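First up is the structure itself, then whatever we jot down about it.
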Amino acid sequence: MSEIILQIDGREVAAESGMTVLEAAQGAGISIPTLCHHEILEPYGACRLCTVEAEVRGRTKLVASCLYPVEKDLIVRTRSEKVDKIRKMILELLLAHAPEARELQGLAQEYGADKNRFEKEPSFCIHCGLCVRYCAEVKKKHAIEFVDKGTKREISFIPEIASKECWNCKECFPLCPTEALQAAFVLTKELAFFSLSSEPVPAE
Amino acid sequence: MARINSVAELEELRKGILSKIEPDKPCIAICAGIACLGLGNDRVISAFEEEIRKQSLETKVDIRATGCHGFCEKGPIVVIYPEEICYLEVTPEDVPEIITQTVVGKKVIDRLIYTDPNTGAKAVHQFEIPFYKNQSRLLIGNNPKINPKSIEDYLAIGGYSALAKALFAMNPEQVLEEIKKANLRGRGGGGFPAGSKWETTRNAPGEEKYVIVNAHEGEPGAFMDRALFTGNPHLVLEGLIIGAYTIGSHQGFIYTRHDTPQLRENIDIALSEAKEYGLLGKNILGSGFNFNVEVHLDVGIFVSGESSALMRSIEGKAPEPRPKYIRTSVSGIWNKPSNLNNVETWANVPQIINNGSKWYSSIGTERSKGTKLISLSGNICNTGVVEVPMGTSLKEIIYNFGGGIPNGKKLKAVHFGGPMGGSIPESLIDSPLDFDVLSKLGTSLGAGDMLVLDEDNCMVEVARYFLDFLSGESCGKCVPCREGIRQMLKILTDITDGKGKEGDIELLEEIAGVVGEAALCSLGRSVPKPLLSMLKYFRDEYEAHIKDKRCPALFCKELKKGEL
Ligand SMILES: Cc1cc2nc3c(=O)[nH]c(=O)nc-3n(C[C@H](O)[C@H](O)[C@H](O)COP(=O)(O)O)c2cc1C
Ligand code: SF4
Ligand code: FES
């Protein structure tokens, strides 16, 4: 692994090739907010909260730091007027769905996001995909998936799989930054699990 | 048919095909394009078959079901060779008369030829009709001469000669050089130079490389790729094989729509015929070059036309885009270098190889070369597919080919590029068809879908319509795109419902700014484009809706009441 020196917020940071800007920053103790990132899961790039300014050969662009690979002479700014504006708007857009989520509230304070900016449409899920990816990547069960597309996209337990796998697992629950997962689970359970398997599998 | 093993054999075959053609034998070419199909051309074709049988003319008259002729507005279209008499809006009832009068009797039926609605002037031949006159139909002009299900028709007009030239008279570097010098720019929306994209894939590390035809064409109002590919599949295929040879790829993919069976059928037939003739598969034309093509069908969502989503879809996964911090030219399908081009881009390749980059770059403007297919739709007299040199003014397209605005209405705006494009006002229609000029004006040529809007169109409603379309057609993965569309759509819907508030325009601009910069893929990043172009040129209409609760176009129902 060759070492790469880049600059983050004015500091020289050493990173290994193949690392992302987010990893390099975290390694140097520079924090970048994230909602959909988790170190044990594949980078995903959906929340865009980790957006930073990246300057390559004199040209600045906005990139998602959780996906952007480090490169030599890269200059990164994790805070700027533009970056903060984007983060504020992203938080406001999400707060319309999950106004009570603690993680969002903390960030909202930091970025001055107004949780009443947009009309409330509580669906609680902020589509971070942590549950979906955890189940697919770690447990390899695919008991929970995103269904539908565009603005209709939502999470859904797949009853046939969930009725067998979820009773004793529930490992994705603590990953959820909102209460969406529990709510969806309870709902699916009511609607579908019982008709599929009348007896819950006894806990070990 | 035995396979062809050399250029000499190809030319031999071509001679054989040409010698069988009797120049004086009548041939009835009936457009079987998608628009004419919708107008009942299948019944017209059956009527011709039946009438020919009835009059025992089977050996004396040929019938050819062809691809789209372009003048979709006036379909079903029938052209009678060798005189090239063109009949419009033909019905099955007209057929016996056409056979007796024109095919046998060599007389023109007056009521079926083109009559200019303004001057009353008549046009007997296709090339005399104002719609066709002065177009440069380099790509689509052969459609009436070809049965897309017959490789022989394509060979008869010189098909696959460019492939032979590339394989035997040029090395891949020379072909690449020619494409670069021709300055062929991608026709799928971005206008990215094809040559440099090919070069990136060619030079990318890895033995296995892929070439792909993007035939998804999901933009509402875009139908030129379908017209070209359905009507002349070998043209696109020939371009693709030449590209594969240049790039060093042995596997190609055609990504196309699941809901266009006619297109699929013609592609399948073209592939199997090309294979049979040794133009595809192992040792093409005896050159030692191997290349195969597979067809993949889309899953019916607009975003799957985006390059990285399309490649995911070919891998068998959900068509979600990925950020292109590593380009698909370097890491595409299964992380292998993959070169994706649009249907029309590939179709340009054979003529560049045949005629040279110098010839090609003499057509068009300084930085936009060649001709461009345009799907004309909206409030225009002649809906259809037009092909003109780059640099042609929008005004010419609208009035000379498009026949102007119907019902005596006033032209208001021209919108290019569908939900990812922009609108420009009537005052700018002297602008040329040119990638860079249009993008400077805040629109973009897009794939070439040109929507003409008259005074009755409300520009708030048009933006709302595109956002509504995208709300179901984005993948929904990233927050700025999904949530941004949701909120912008809500605000625009409120405005058209008469519930617009002070500050709405500013809020729209703020959301648009974030979506345009922070979204994951180019769909998301283009979401704000239609809206922003309209706020640039038609802001007063937005203000009228909000401040005066008035829809200047008298379109929005809730607001119309106040007006009456
Ligand atoms: C949402 C979206 C949809 C697209 N749909 C198409 C399409 O249907 N056909 C197409 O050729 N290009 C489409 N594109 C552009 C492709 O991503 C890609 O740039 C193009 O196919 C490359 O070919 P070209 O260089 O020959 O233009 C789309 C892009 C986006 C962002
Ligand atoms: S349910 Fe929770 S963890 Fe799963 S995608 Fe929604 S917010 Fe993320
Ligand atoms: S953490 Fe990077 S986009 Fe969510």
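Labels below follow one simple rule: chain letters A, B, ... track the order of the sequence lines, proteins then strands, and each chain is numbered from 1. Remember, it's a predicted structure, so these values are computed and weren't measured experimentally. Note that these values count all heavy atoms, side chains included, but never hydrogens, waters or copies made by symmetry.
Atom NZ of A:Lys170 sits in a crowded spot, with more than 12 heavy atoms from other residues, nucleotides or ligands closer than 6.0 Å. Heavy-atom contacts from other residues, nucleotides or ligands closer than 6.0 Å to NZ of A:Lys72 number 12 or fewer. A 6.0 Å sphere centred on NZ of B:Lys490 holds more than 12 heavy atoms belonging to other residues, nucleotides or ligands. Atom CZ of A:Arg79 sits in a crowded spot, with more than 12 heavy atoms from other residues, nucleotides or ligands closer than 6.0 Å. The neighbour count for B:Glu506 CD, taken as heavy atoms of other residues, nucleotides or ligands under 6.0 Å away, is above 12. Within a 6.0 Å radius of CD1 in A:Ile5, more than 12 heavy atoms belonging to other residues, nucleotides or ligands are found. Counting non-hydrogen atoms of neighbouring residues, nucleotides and ligands closer than 6.0 angstrom, the NZ atom of B:Lys536 exceeds 12 such neighbours.
Rounding to the nearest 0.5 Å gives a distance of 8.5 Å between SG of B:Cys478 and CD1 of A:Ile90. With values rounded to the nearest 0.5 angstrom, B:Arg482 atom CZ is found 7.0 Å from A:Arg153 atom CZ.
Shortest non-hydrogen contact noted between A:Ile86 and B:Ala518 is CG2-CB, 3.7 Å. Taking all atoms of both residues into account, the shortest heavy-atom contact from B:Pro480 to A:Ala46 is CD-O, 4.4 Å. Shortest non-hydrogen contact noted between A:Ala64 and B:Tyr325 is N-OH, 2.8 Å.
Between A:His97 and B:Glu483, the side chains place a donor N or O and an acceptor N or O closer than 3.5 Å (distance only, hydrogens not considered).
No side-chain heavy atom of B:Val479 sits under 4.5 Å from any side-chain heavy atom of A:His127.
Note on A:Ile126, A:Asp148, A:Leu67: by heavy-atom pairs under 4.5 Å with chain B, the leading option is A:Leu67. Ranked by heavy-atom pairs under 4.5 Å with chain A, the first of B:Leu470, B:Leu489, B:Val514 is B:Val514.
At distances below 3.5 Å, not a single donor-acceptor pair connects side-chain atoms of A:Thr151 with backbone N or O atoms of B:Arg486.
Contacts of B:Ala318 with chain A are absent, with no heavy-atom separation under 4.5 Å from either backbone or side chain. Heavy-atom distances place both the backbone and the side chain of B:Ile511 under 4.5 Å from chain A. Only the side chain of A:Glu121 comes within contact range of chain B, with heavy atoms under 4.5 Å apart. The part of A:Leu94 that comes within reach of chain B is its side chain, from C-beta onward, which places non-hydrogen atoms under 4.5 angstrom from that chain. Contact of B:Glu510 with chain A is made through backbone and side chain together, with heavy-atom distances under 4.5 Å. For A:Lys61, no part sits under 4.5 Å from any heavy atom of chain B, backbone or side chain.
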* Kindly determine whether B:Leu507 and A:Arg117 satisfy side-chain contact (heavy atoms from CB on, under 4.5 Å), including the steps that lead there. => CA-CA 10 Å; B:Leu507 181 55; A:Arg117 181 90 187 260; 3.1 Å; yes

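Cation-pi contact between B:Lys477 and A:Tyr44: present, with separation from the ring centre below 6.0 Å and deviation from the ring axis of at most 45°.
A salt bridge does not link A:Lys85 with B:Glu517: none of the charged nitrogens is closer than 4.0 Å to a carboxylate oxygen.
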